[in-house]
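Below is one structure, written out as structure tokens, with a few remarks after it.
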Amino acid sequence: MNASKRPRVLVARRIFPSVVARLREHFEVDTHDSDTALSQAELIARLQGCQGVFVAGTEPITGELIAACPGLKAVCSMAVGYNNIDVPACTARGVLVSNAPGVLTETTADFGFALMMATARRITESERYLRCGEWTTWQVDLFAGADIHGATLGILGMGRIGQAIARRGALGFGMKLAYHNRSRLSEAEEAELGARYLSKEALLREADHLVIVVPYSPASHHLIGAAELALMKPSATLTNVARGGVVDDAALARALHERRIAAAGLDVYEGEPAVHPDLLTVPNVVLTPHIASASGPTRLAMCELAASNLIAALIGGTPPTALNSQVLQP
Ligand code: DGY
């Protein structure tokens, strides 16, 4: 394509050089080659003259930004969660939005399951103890945790990732499955997974290990707070691989401190990368820095999918995972 006619795009994060090189085959590419997210004001300034932007789940794509960047035609994210993007505002201005579902399902489910196991079996807590030189003798109940096999796995949010975690629990570990979701699965899907549908309250009461996989939205803000934690068994664990803000972190830290529940595993936090200070001082929580989808191949696949969406949206073709493909209708 004639270089002067090529659309201009901003890659708003440091990503894989091979993906930037692929984008350069089609676009004039500006890169923010950094691990620090641009602020909204910085994004607005950098997006003047751009038709497309490649983002992660961290860049605020607000209605104000969309109004201030009239040339923008496509916002393509490498994340599956898109609570950082005002999709209705984009749709209203004819801006295509895409996310990256599917390619990270199994990797994220692997991690969610691993985090749940690490939490139940007190892996990081016991490792800290060993590294500090505190291990002096074998003890009958040293770091005795909860079993996974045969326990009830409660899944809050039964989308792709929730179902992939459910399969691991049922097929690999003989767990009993219960779930709550905004929309109930079909009878056939429930039968295939062997999952019982429960109200949120019943799920909280019954789960031995609760895994949260719901997208963040105003409706799911603090879906789990003090009242919900009070319904859980004192022996239960809670694992969150969804989004910060779905769990009230202050209430969770209190519940862990008071042993209202046994333990938690968290990959996401309200206001991350800041972590509620009380979570840093309780021993019975496993904390990881938002890495559930972070296997090398999967992060590359997420970037490639965002690039494919950007290329299709601005050069031609059908963006594979558009969230508002109606903007492409003539
Ligand atoms: C996602 O894809 O939503 C992950 O949480 C990474 O941001």
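All ligand and atom numbering here is 1-based and tracks the order in the structure.
Residue Asn240 is tested with Val211, Val268, Leu115 for a side chain to side chain contact (heavy atoms under 4.5 Å, CB included); the sole match is Val268. Here the options are Thr119, Thr237, Thr152, the test is side chain to side chain donor-acceptor pair (under 3.5 Å), and the partner is His209; only Thr237 passes.
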When you check ligand 1 against the protein, what N or O pairs turn up below 3.5 Å? List the atom names and distances, or just say none.
residue  : atom  : partner : partner atom : Å
ligand 1 : 2 (O) : Val80   : N            : 2.7
ligand 1 : 3 (O) : Val80   : N            : 3.3
ligand 1 : 3 (O) : Gly81   : N            : 2.9
ligand 1 : 3 (O) : Arg243  : NH1          : 3.4
ligand 1 : 3 (O) : Arg243  : NH2          : 2.7
ligand 1 : 5 (O) : Arg243  : NH1          : 2.7
ligand 1 : 5 (O) : His290  : NE2          : 2.7

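Listed by chain and number, the residues in a salt bridge (charged side-chain N to carboxylate O under 4.0 Å, His left out) with Asp208 are Lys233 (sequence neighbours excluded).
Between the side chain of His222 and the backbone N or O of Ala226, no donor-acceptor pair lies under 3.5 Å.
Side-chain contact between Arg6 and His26 is absent, with no heavy-atom pair separated by less than 4.5 Å.
A salt bridge links Arg168 with Glu106; the closest basic N to acidic carboxylate O contact falls under 4.0 Å.
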